[in-house]
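These notes are about the structure you will find just below.
So that the names make sense, note that chain A is the first sequence line, chain B the second, and so on, each numbered from 1. Note that this is a predicted model, so its numbers are computed, not measured. Excluded from the calculations below are hydrogen atoms, water molecules and symmetry mates; all remaining heavy atoms, backbone and side chain alike, are included.
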There are 2 protein chains.
Amino acid sequence: MQVARLAGVSPITASRALSTPDKVSADALQRVRDAVKRSGYVRNMLAGGLASSRSRLVAAIVPTIAGSVFLDMVQALTVTLNDAGYQVMLGQSGYDNSREDSLLDAIIGRRPDGIVITGVMHSAHARQRLIASGIPVVETWDLTPHPVDMLVGFSHEQTGAAVARYVMEHGYRHAAVISANDVRARRRAQAFVDTIREDGAATVAPVQWVSAPTNLKQGRLTLPRLLERHPETDSVFCSSDLLALGVMIEAHARGIPVPSRLGVIGFGDLSFAAELHPPLTTVRIEGARIGERAAGFIVQRAAGETVEQRILDIGYSIVSRGSA
Amino acid sequence: MQVARLAGVSPITASRALSTPDKVSADALQRVRDAVKRSGYVRNMLAGGLASSRSRLVAAIVPTIAGSVFLDMVQALTVTLNDAGYQVMLGQSGYDNSREDSLLDAIIGRRPDGIVITGVMHSAHARQRLIASGIPVVETWDLTPHPVDMLVGFSHEQTGAAVARYVMEHGYRHAAVISANDVRARRRAQAFVDTIREDGAATVAPVQWVSAPTNLKQGRLTLPRLLERHPETDSVFCSSDLLALGVMIEAHARGIPVPSRLGVIGFGDLSFAAELHPPLTTVRIEGARIGERAAGFIVQRAAGETVEQRILDIGYSIVSRGSA
DNA sequence: GTGAAAGCGCTAACAG
DNA sequence: CTGTTAGCGCTTTCAC
């Protein structure tokens, strides 16, 4: 350690001065800091990580980052972890999980101090590798009684059912769903349909599936198809705010009044939702909170503490606005 | 290396089997691969990086990831680099660059094989550290004759001027600008204003500044303020599509017809732009291409090749649609 | 509070 | 094509 020579102390003292300054005499600390400043020394964390087997690296895996609902989580995760001295490695698995397995190996190879995954891990192979690696794992954006390790999420079934009840309580009688075909959206859609069928206060048209990641255009294109086959439809639950926006724009273009003739409900509560015309009724998930809590779990685990409450349901809320 | 024992070869042969399979006999290769499969071995890249001083890590620094125009770049960057065997570390510097310096030290400490920065590096201190580190750097989303190292971007001055000409050519006579107060948006706004002033074919109101990152709400709130002070305004150049969307929604709410009474131009060509009503005229930057090219630069450099053309102007294009 | 010795797991360099 | 030797730069451990 060059900086140790410059400061006239042993390497280990320099190391301690940088990581645990209170375990070093004021004098030594001062000299090390001077030497650091003079030489522009930056500690090599590859070497540090190898020696201590604490890489201070956390991996985050999301299906995709472009235009998605996971941004708030990633944002909160990186900021929270950076503040705690960690860096975040970002991986995109693709909505079909095609890249998940290879990504996982690449990630485990870095010996991160934690892995945050979007969704619950389904592939048995991947689960096994993760468990074998011994790396703390936080699954997010979903709920399962048997997580790989830790979990911060919410129930898509409950969410879908709650939206169904909302729709029925607000007097709609002919519901419809436009949903992405990814695992989680699918479960919300299914729960929505089941709840309405069971209750019987309304009818529900077969789900219109679109491919993830969803966009505005799909909403515009799907609404006419839906209305053609099910003209009685008086409300649509969309699996994303972007879809809902597309539906609203298309409805507007066709002179279909929202919410009187057609109720529209989104998912995500993206920043634009409240500003639409009428403002969008939607489901809000506190993505930033997921990120913060996931970060917290990992930092806690890295500090050697055991996390007793390993499943955290952060819930959802239906934000009732003008569109339904 | 446990896996080497299992395969009955020396550690270095196992290492070669994994990184340069063609430099190893078919027999040895097979045995190593079997051993890997049986033991679930994953190579420790911390150790590898330390030994080879090639970490196969690339850092990306963006102001913020939430709701931003940089997503396509980050997306393309991670995917391209993952395919080349690299991982991407994500850092968020904040629009005020407040975190940039500390982030930079944390990043340099990881000894990444490359750093991709959004914007050009202004702080002299940071520039110096970066150069001293010897790490390949790609600055993006901007143009300067003297980049730290490599550059993939475009000219905000040219872009602003081009939009100004577009506005004048389309018969607008009283232009206005709503712009984020970040460095790059500011330069576009300034060039827009200067070009119109110099030409004289139109007047231009003082720029309405809003704080970055921009959102739809700011657009809605700013339009009335603008029209109050400058009722003659017949066109608005917004520094982001979200601002433009806010302006269009507010115009709609107030019964101001777009584009006949008010032309609206955005920036970014986000996915919703083409689907608005009327579709949004905007400036398109190929963010994904920036990401790919930046990745290419770094991979090339990591392969030991010298990059002779180190400044790449990927340009901009004005997408003329219905709103102006 | 400080240091000496050893080693984290891998790969560069050289030799065979 | 394969192996030996050495060492990347740090931290752990144990002693003082």
* Among the candidates D:dT11, D:dT2, D:dC8, find the nucleotide nearest to the side-chain atoms of B:L50. =>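 So the nucleotide nearest the side chain must be D:dC8.
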* When you measure from the side chain of B:A51, which nucleotide among D:dG3, D:dC10, C:dT11 comes out closest? ->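 The answer is C:dT11, which lies nearest to the side chain.
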Please determine whether a side-chain nitrogen of the Lys or Arg among [X] and [Y] lies less than 4.0 Å from a carboxylate oxygen of the Asp or Glu.
| X | Y | value |
| --- | --- | --- |
| A:D149 | A:R301 | yes |
| B:R38 | B:D34 | no |
| B:D182 | B:R186 | no |
| A:D101 | A:R129 | no |

* Asked: For the atom pair CZ (A:R16) and CG (A:L29), what is the distance rounded to the nearest 0.5 Å?
  ->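 Between atom CZ of A:R16 and atom CG of A:L29 there are 13.0 Å.
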Under 4.0 Å from OP1 or OP2 of [N]: is there any side-chain N or O of [X] that close?
| X | N | answer |
| --- | --- | --- |
| B:T13 | D:dT2 | no |
| A:S25 | C:dG1 | no |
| A:S52 | D:dT11 | no |
| B:R43 | C:dT11 | yes |

Figure out the [atom1]/[atom2] separation between [X] and [N], and round it to whole Å.
| X | N | atom1 | atom2 | value |
| --- | --- | --- | --- | --- |
| A:R16 | C:dA4 | CZ | C1' | 11 Å |
| A:I12 | D:dC16 | CD1 | P | 18 Å |
| A:M45 | C:dG9 | CE | P | 18 Å |
| A:Q30 | C:dT2 | CD | P | 13 Å |
| B:R31 | D:dG3 | CZ | P | 9 Å |
| A:R110 | C:dG9 | CZ | P | 17 Å |
| B:Y41 | C:dG9 | OH | P | 10 Å |
| B:L18 | C:dG9 | CG | P | 16 Å |

* To do: Please tell me which of B:A47 and B:D27 maps to the more 5' nucleotide of DNA chain D, matching each residue to the nucleotide holding its nearest heavy atom.
  =>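 This one resolves to B:D27.
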* To do: Return the 5'-most residue of the pair A:P11, B:D22 with respect to DNA chain D, ranking by each residue's nearest nucleotide.
  =>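 First, find each residue's nearest nucleotide; the 5'-ward one identifies B:D22.
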* Donor-acceptor pair under 3.5 Å, B:R111 side chain vs D:dG9 base ->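 When only heavy-atom distances are counted, B:R111 does not reach the base of D:dG9 through any donor-acceptor pair under 3.5 Å.
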